[in-house]
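Notes follow once the structure below has been shown.
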Amino acid sequence: MSISRRQFLKLCGATGAAISVSGSLIPEIVAAMEKAAAGNPPVVWIQGSGCTGCSVSLLNTVHPNIAEVLLKIISLKYHPTIMASAGDKAFEYLFQTADKNKGKFFLAVEGSIATGAGGKYCIPGKLKGKEVTFVEMMKDLGPKAAAVLALGQCGAYGGIPAGKPNPTDSKGVMDFFKDHGIKTPVINIPGCPPHPDWMVGTIAHVLMFGIPELDSDGRPTLFFGTNVHDNCAYRSYYEEKKFAKLFGEEGCRLELGCKGPESFSDCWKRGWNNNVNWCIHNSLCLGCTEPGYPDRFAPFYEKTTG
Amino acid sequence: MTKLYIDPITRIEGHLKIEVEIDGGKVKDAKSWGMLYRGFENILKGRDPRDAAQIVQRICGVCPTAHGTASVRCLDNAFKVKPPPNGRIIRNLIFGSDYLMSHILHFYHLAALDYVKGPDTEPFIPRYEGDYRLDPKTNKVAVDQYIKALDIRQKCHQMVALFGGRAPHVYGMVVGGATEVPTVDKMVSLKWRLKEIKEFIDGTYLPTVYLVAGAYKDLFEVGAGCKNLLSFGVFPLDDDEKNFLFKPGSYTEGKDLPLDQTQIKEYVKYSWYDDKTTGLHPGKGMTVPAPDKKTGYSYVKAPRYRDLPHEVGPLARMWVANPVLSKHANKFLGVDAKKEIRFRDLGDKAFSILGRTAARAEECKLVADAMDKWIMELKPGAPSFAKADIPKEATGFGLSEAPRGALGHWITIKDHKIDNYQVCSATIWNAGPKDDKGQLGPIEQALVGTPVKDIKNPFNVVRVVRAFDP
């Protein structure tokens with residue numbers, strides 16, 4: 001089974017509703033990913049100053065489901081929340097895997113990199129009796145990876161830990177690599193958390209066709225190329241100047257503080273959690289896919305945009 | 001005497017290291033090291049108070065709705081606003097759905113691999129080798145359930161999103177209530193989804209917990225811990241909060257006591273925080289990191305209730321509330337199905353690795369059954385939200401229970417902004433270090449006495465730690 005890049009992009013761009021009615025197309029994606037993944041591209045997933053929310057969101061993937069992703073598509077060599085192993089056995093395996101698969105493995109980075117206090121604010125493990133900071137892990141593993149998937153607000157741009165006054169000098173992967181002259185390509189998949197489709201879709205694209213087209217903030221345009229406000233189902237209310245003043249009222253959410261006009265993602269058509277709902281239908285968009293979140297959009301519940 | 005480090009402890013949320021000293025095949029001393037500082041309490045300072053309920057959800061991606069709940073309750077208290085009944089019920093439904101997600105995730109995806117041998121492929125290898133006791137057929141059933149449970153927990157998040165907007169990290173809880181007015185179609189959708197989850201809990205999760213327990217019966221004798229238990233109470237059942245699904249209270253030195261939150265203090269002698277900030281009530285708490293402090297071994301503070309370590313979590317809630325257990329418990333204990341067994345009938349067995357595991361599964365059923373009723377208490381079309389202005393000056397606190405235990409938030413507002421915000425979360429209670437008097441934290445105490453047969457494969461150490469769902 002093969003699938004063209006054009007078909008793939010079309011499928012990824014389909015709305016959630018279309019996905020659920022076009023179930024017959026989905027096995028094609030899975031099969032194509034499986035084929036592209038023959039030889040099981042190694043993925044190493046590490047966590048810095050984060051909350052595990054990106055991992056939890058990844059587990060919410062529906063098509064393909066997470067069992068298919070883990071057992072058929074990728075070879076997940078290391079993942080602190082999922083893997084069986086612990087302690088030395090796990091940590092040694094991580095560094096051995098990186099050495100063995102140098103230049104071939106994909107490094108998924110969840111959480112920001114706390115550079116303050118010499119890296120001592122985040123110490124994920126011990127190797128041969130010595131504590132290893134997340135800063136040291138990134139310096140060691142970063143240059144060895146084929147590419148980095150910088151996950152969530154934290155991995156991409158520093159996120160909440162980097163919120164004022166950034167008590168731990170937290171940074172996203174791109175900034176960290178720039179500081180340390182690490183040239184490995186970085187793909188940002190922001191969002192707090194990122195939608196599972198953005199993570200799985202980007203992995204699929206990388207496996208089948210290489211690194212996707214990125215925007216000036218390092219995000220795949222495939223998922224982050226459209227403006228939320230311009231495409232919002234509540235846009236006609238905006239044109240009519242009908243604004244919700246309280247939660248639960250009908251109308252455009254701009255005066256509740258909605259950050260849709262400054263946000264770029266496809267939440268407006270993809271929906272969340274198998275498209276049972278999405279942020280603006282529920283209340284408002286807080287700009288969680290944008291560089292500068294949270295400070296750029298605070299206070300959240302005041303009109304700061306549009 | 002052998003010193004053993006397990007670093008990282010995996011299949012948890014966050015960065016935890018465990019150090020144990022083993023002598024004569026048993027743990028003699030234990031240290032629980034929290035290896036991550038992000039500084040949430042300092043990031044919150046100066047912000048719009050309403051934003052706290054969003055920021056704090058990012059403390060934990062496994063239980064964001066717990067922090068969301070504690071935060072909106074804290075803000076309700078400071079803003080002096082009472083959510084309408086729909087607001088209270090929707091919050092319970094969002095949070096309840098996430099409870100089910102968290103408990104199922106814990107048993108099948110975080111804890112199970114300490115008892116069940118996973119497939120011979122990464123990330124299920126490498127693994128500890130030796131003490132897997134299920135026969136091949138039962139083991140296969142358990143692995144199939146691991147896969148099935150991935151789908152079930154994903155569906156629990158669909159339930160969270162129905163009124164939460166999305167999951168994890170929801171938008172649907174705000175100071176003053178919830179953001180969506182309930183509609184009949186959403187209520188029906190939630191009820192149908194819950195039906196499938198309930199069937200899984202009753203027909204698969206609970207019986208499997210007891211099936212696995214049958215093969216590891218000695219683990220009802222391992223990991224007793226401090227035997228002081230604390231519950232802040234969770235899921236208010238009425239608007240005056242006279243009743244909770246799980247009531248607040250403590251079990252302290254063998255006595256049942258009503259909850260008094262003024263009796264909480266946080267100690268930092270062994271934590272990487274400034275010594276001048278030790279012994280404070282969280283309402284006056286400070287977070288001043290001192291990463292080079294020589295006596296420190298954790299970024300977790302050591303909270304104490306009535307100056308004693310207290311365990312929090314499903315065991316504490318179930319012991320304090322002492323509800324009737326499922327018929328699966330009768331079967332496991334060989335008690336006539338007609339007879340009611342309450343949680344305390346487990347006696348000392350409750351204070352153990354498997355006691356905590358059974359408490360979590362039994363509680364999961366009670367939450368799911370209660371949610372089924374709550375859905376029908378919603379009034380379609382009626383408001384869920386009451387508007388309140390940000391006070392110029394105020395203090396407030398909000399107590400709740402994360403799936404993994406008691407959770408409190410405290411706020412001081414000055415000039416309409418956050419002047420101080422303190423979070424005392426569940427895993428801080430359980431995984432904290434020694435206090436200034438040298439009393440070990442609950443996980444540390446539970447580790448002491450744990451038999452370790454093979455120090456290369458220290459199964460029981462990680463089983464004890466993971467039973468707390470840190």
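The sequence lines fix the lettering, A, B, ..., with proteins before strands; numbering per chain opens at 1.
For chain A, the nearby part of Tyr299(B) is the side chain; its heavy atoms alone come within less than 4.5 Å. With a 4.5 Å cut-off on non-hydrogen atoms, Tyr78(A) touches chain B through its side chain but not through its backbone. For a residue to count as touching a neighbouring chain, one of its non-hydrogen atoms must lie under 4.5 Å from one of that chain's; by this rule Leu44(B) does not touch chain A. Val174(B) touches chain A through its side chain: at least one heavy atom from C-beta onward sits under 4.5 Å away, while N, CA, C and O do not. Interface remark: Leu113(B) contributes side-chain atoms only to the contact with chain A (heavy atom separation under 4.5 Å). With a 4.5 Å cut-off on non-hydrogen atoms, Glu131(A) touches chain B through its side chain but not through its backbone. Using a 4.5 Å cut-off between heavy atoms, Cys192(A) contacts chain B through both its backbone and its side chain. Only the side chain of Leu110(B) comes within contact range of chain A, judged by heavy atoms closer than 4.5 Å.
Counting heavy-atom pairs under 4.5 Å between each of Gly50(A), Ala298(A), Ala90(A), Cys154(A) and chain B puts Gly50(A) at the top. Ranked by heavy-atom pairs under 4.5 Å with chain B, the first of Asp88(A), Thr133(A), Leu286(A) is Leu286(A). The choice from Trp278(A), Phe134(A), Tyr93(A) that makes the most heavy-atom pairs within less than 4.5 Å of chain B is Tyr93(A). Of the listed residues (Pro291(B), Pro126(B), Gly39(B), Ala178(B)), the greatest number of heavy-atom pairs within a distance under 4.5 Å of chain A belongs to Pro126(B). Contact count versus chain B (heavy atoms, under 4.5 Å) is highest, among Leu70(A), Ile66(A), Ile82(A), Leu284(A), for Ile82(A). Ranked by heavy-atom pairs under 4.5 Å with chain B, the list Asn166(A), Asp295(A), Ile280(A) is led by Asp295(A). Among the candidates Gly164(B), Pro289(B), Gly46(B), the residue making the largest number of heavy-atom pairs closer than 4.5 Å to chain A is Gly164(B). Considering only heavy-atom pairs separated by less than 4.5 Å from chain A, the leading option among Arg50(B), Lys155(B), Arg127(B) is Arg50(B).
By the side-chain contact (heavy atoms from CB on, under 4.5 Å) test, Ser283(A) is found to be paired with Phe247(A), Tyr171(B), Thr179(B), residues two or more places apart in sequence or in another chain being considered.
Among pairs with a residue in residues 148-167 of chain B, none fulfils ring pair (Phe, Tyr, Trp, His ring centres under 6.0 Å), at least two apart in sequence or across chains.
Counted by atom type alone, Tyr421(B) and Ser71(B) present one or more donor-acceptor pairs between their side chains at under 3.5 Å. For the residue pair Glu129(B) / Asn457(B), no side-chain donor-acceptor distance below 3.5 Å is found, with atom types taken as modelled. Side-chain contact check for Asn65(A) and Gln154(B): no donor-acceptor pair (N or O, by modelled atom type) lies under 3.5 Å.
Using modelled atom types, one side-chain atom of Lys293(B) and one backbone atom of Tyr273(B) make a donor-acceptor pair closer than 3.5 Å.
Ring-plane geometry between Tyr234(A) and His281(A) is classed as tilted, the angle between the planes lying from 30 to 60 degrees on a 0 to 90 degree scale. By the 30° and 60° cut-offs, the orientation of the rings of His109(B) relative to Tyr146(B) is perpendicular. A tilted orientation is assigned to the rings of Tyr121(A) and Tyr37(B), their planes being inclined by 30° to 60°. Taking the six-membered ring for Trp and thresholds of 30 and 60 degrees, Phe297(A) and Tyr293(A) have ring planes inclined between 30 and 60 degrees apart.
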Report, one line per pair, each donor and acceptor closer than 3.5 Å where one atom sits in a side chain of residues 105-115 of chain A; sequence neighbours left out.
from, atom 1, to, atom 2, distance (Å)
Glu110(A), OE1, Trp45(A), NE1, 2.8
Glu110(A), OE1, Gln47(A), NE2, 3.2
Glu110(A), OE1, Ser55(A), OG, 2.5
Glu110(A), OE2, Thr52(A), N, 3.4
Glu110(A), OE2, Gly53(A), N, 3.4
Glu110(A), OE2, Cys54(A), N, 3.1
Glu110(A), OE2, Ser55(A), N, 3.2
Ser112(A), OG, Ser170(A), OG, 3.1
Thr115(A), OG1, Asp169(A), O, 2.7

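Remark: Arg58(B) is not positioned above the aromatic ring of Phe40(B), lacking an NZ or CZ atom under 6.0 angstrom from the ring centre and at most 45 degrees off the axis.
Interface residues of residues 157-164 of chain A toward chain B, defined by a heavy-atom distance below 4.5 Å and sorted by number: Ile160(A), Pro161(A), Gly163(A), Lys164(A).
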